[in-house]
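A quick note: this is a predicted structure, and the numbers were derived from the prediction, not measured. Just so you know, ligand 1 is whichever comes first in the structure, and atom 1 is the first atom listed for that ligand.
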Amino acid sequence: MIHVERDDGIAVVTIDRQDALNALDVATLTELRDRLHELAADDDVRVVIVTGAGERAFVAGADIKYMSGLDVDGATEWGALGHEVGRLLETMPKPTIAAINGFALGGGCELALACDIRYASSRAKLGQPEINLGIVPGWGGTQRLARVCGPGAAKELIFTGRTIDADEALRIGLVTKLADPVLDRARETARALASKSPVALRVAKRLVNRALGGDHEENLASEAELFGELFSGKDAKEGLTAFAEKREPRFVGR
Ligand code: COA
């Protein structure tokens with residue numbers, strides 16, 4: 001089951017299926033998708049944190065017992081559902097933070113990779129072990145791991161299927177910070193982000209998401225255009241004026 005707690009513009013989404021180390025079955029993944037759609041559309045929610053319930057796992061992967069019964073059509077549909085969730089996290093117009101509190105394996109690592117920011121507890125273990133099951137990452141992992149850590153590190157992890165500890169994940173850039181308790185650190189960043197201009201954050205996310213794809217010249221032209229457009233809004237005026245007036249800005253989201 002999925003718990004959603006909202007407080008002061010921050011939504012904490014907790015994946016709770018502890019008897020299976022929060023592995024995602026159809027019901028849990030579908031509920032996660034539905035909750036994320038709601039949070040994406042809710043302007044009162046400025047930042048979304050995703051974490052796992054309990055002490056042991058963020059998400060220990062897609063449910064292997066369920067997958068063992070799938071045929072080609074079933075597996076394709078299952079893959080598509082995971083991709084939909086990943087795209088939601090990646091493209092929703094507000095920052096998403098993965099607070100990786102334990103095992104983030106397979107689909108769990110892919111879920112974290114789809115988030116904008118990844119923090120991990122020092123006890124976390126991450127990896128893409130699908131090769132050991134005779135399959136490959138199917139929820140975006142082959143692409144996002146290569147984009148986040150480079151194709152060399154991605155191939156080594158995906159080909160060997162080995163699990164890495166939090167220190168190694170930090171070293172290869174799979175996570176950007178280690179913190180205990182990791183959810184507290186994620187909330188701290190979320191509070192900081194919730195005080196920024198949501199318009200500027202939305203534009204920043206859109207632009208950085210394009211950085212490793214498409215045409216470089218076109219992406220730079222988009223940046224130049226969207227940078228200019230921000231100056232028609234209240235938030236840019238407020239932010240620039242507040243600096244000159246030596247006070248904290250109060251952004252309204254326009
Ligand atoms: N799918 C379904 N069930 C899972 C699961 C998954 N991905 N990961 C863990 N579980 C279940 C286990 O089957 C076990 O259930 P059971 O008690 O009914 O047998 C329960 O969660 C606890 O896991 P267990 O293996 O007993 O814990 P452990 O501490 O010995 O090992 C892991 C932890 C994470 C190393 C081990 O569970 C594991 O390798 N899981 C699979 C990871 C994986 O390959 N994920 C990618 C899938 S694409």
Discussion item. Quick check on contacts: which atoms of ligand 1 are under 4.0 angstrom from a heavy atom of D63?
Written reply: 1 (N), 2 (C)
Worksheet entry | Mode of A60 contact toward ligand 1 - side chain, backbone, both, neither (heavy atoms, under 4.0 Å) | both
Worksheet item: Relative to the heavy atoms of E130, which atoms of ligand 1 are at a distance of less than 4.0 Å?
Response: 48 (S)
Item to complete: Measure from atom 18 (O) of ligand 1 to every heavy atom in K125, K65, R17 and give the option owning the shortest one.
Response: K65
Worksheet item: Could R206 and E229 be called an ion pair, given the rule that one side-chain N must be under 4.0 Å from one carboxylate O?
Response: no
Worksheet item: Is atom 29 (O) of ligand 1 less than 4.0 angstrom from some protein heavy atom?
Response: yes
Worksheet item: For ligand 1, does T163 get within less than 4.0 Å through its side chain, its backbone, both, or neither, judged by non-hydrogen atoms?
Response: neither
Discussion item. Starting from atom 36 (C) of ligand 1, what is the nearest protein heavy atom, named by residue and atom, and what distance separates them?
Written reply: L21 CD1, 4.7 Å
Worksheet item: Is there side-chain contact between V85 and L24, with at least one heavy-atom pair below 4.5 Å?
Response: no
Worksheet entry | Per-atom contacts, ligand 1 versus D19 - under 4.0 Å to a heavy atom | 15 (O), 20 (C), 21 (O)
Worksheet item: Is atom 21 (O) of ligand 1 close to the protein, meaning a heavy atom under 4.0 Å from it?
Response: yes
Worksheet item: Which ligand 1 atoms are under 4.0 Å away from a heavy-atom of F103?
Response: 33 (C), 34 (C)
Practice prompt. Indicate yes or no: does D63 engage R17 in a salt bridge with an N to O separation below 4.0 Å.
Written response: yes
Practice prompt. Carefully, step by step, assess I15 and V50 under the rule side chain to side chain contact (heavy atoms under 4.5 Å, CB included).
Written response: CA-CA 8 Å; I15 298 162; V50 180; 4.0 Å; yes
Fill in: T96 side chain vs D116 backbone, donor-acceptor pair below 3.5 Å
yes
Worksheet item: Taking NZ, NE, NH1 and NH2 as the nitrogens, is one of them in D42 or R6 under 4.0 Å from a carboxylate oxygen of the other?
Response: yes
Discussion item. Using a 4.0 Å heavy-atom cut-off, which part of R56 comes near ligand 1: side chain, backbone, both, or neither?
Written reply: side chain
Worksheet item: In terms of residue, atom name and distance, what is the protein heavy atom nearest to atom 6 (C) of ligand 1?
Response: A23 CB, 3.5 Å
Fill in: Proximity winner for atom 7 (N) of ligand 1, if only heavy atoms of C109, A62, G106 are counted
A62
Worksheet item: Can we say E188 and R191 salt-bridge, meaning some charged N sits less than 4.0 Å from an Asp/Glu carboxylate O?
Response: no
Discussion item. Salt bridge (Lys or Arg N to Asp or Glu O under 4.0 Å) for E84 and R87? Distances and angles first, verdict last.
Written reply: CA-CA 5 Å; E84 187 184 351; R87 281 301 277 168; over 6 Å; no
Discussion item. Quiz question for you: does at least one protein heavy atom lie closer than 4.0 Å to atom 33 (C) of ligand 1?
Written reply: yes
Worksheet entry | Protein residue, atom and distance nearest to atom 41 (C) of ligand 1, heavy-atom basis | I64 CD1, 3.7 Å
Worksheet item: Is the backbone of A186 close enough, under 3.5 Å, to the side chain of K177 for a donor and an acceptor to pair up by distance?
Response: no
Item to complete: Give the residue, atom name and distance (to 0.1 Å) of the protein heavy atom nearest atom 44 (O) of ligand 1.
Response: P129 CG, 3.5 Å
Worksheet item: Please state which protein non-hydrogen atom is closest to atom 4 (C) of ligand 1 and give its distance, to 0.1 Å?
Response: A20 O, 3.9 Å
Worksheet item: Is it the case that D25 and T28 place a side-chain donor and acceptor less than 3.5 Å from each other?
Response: yes
Worksheet item: Which atoms from ligand 1 have a heavy atom of M67 less than 4.0 Å away?
Response: 48 (S)
Fill in: Pairwise side-chain contact, V203 with F227, heavy-atom cut-off 4.5 Å (strictly under)
no
Response to the item:
of all protein heavy atoms, closest to atom 38 (C) of ligand 1 is L105 CD1, 4.8 Å
Worksheet item: Are any non-hydrogen protein atoms located under 4.0 Å from atom 48 (S) of ligand 1?
Response: yes
Worksheet item: Between R254 and E238, is the closest basic N to carboxylate O distance under 4.0 Å?
Response: no
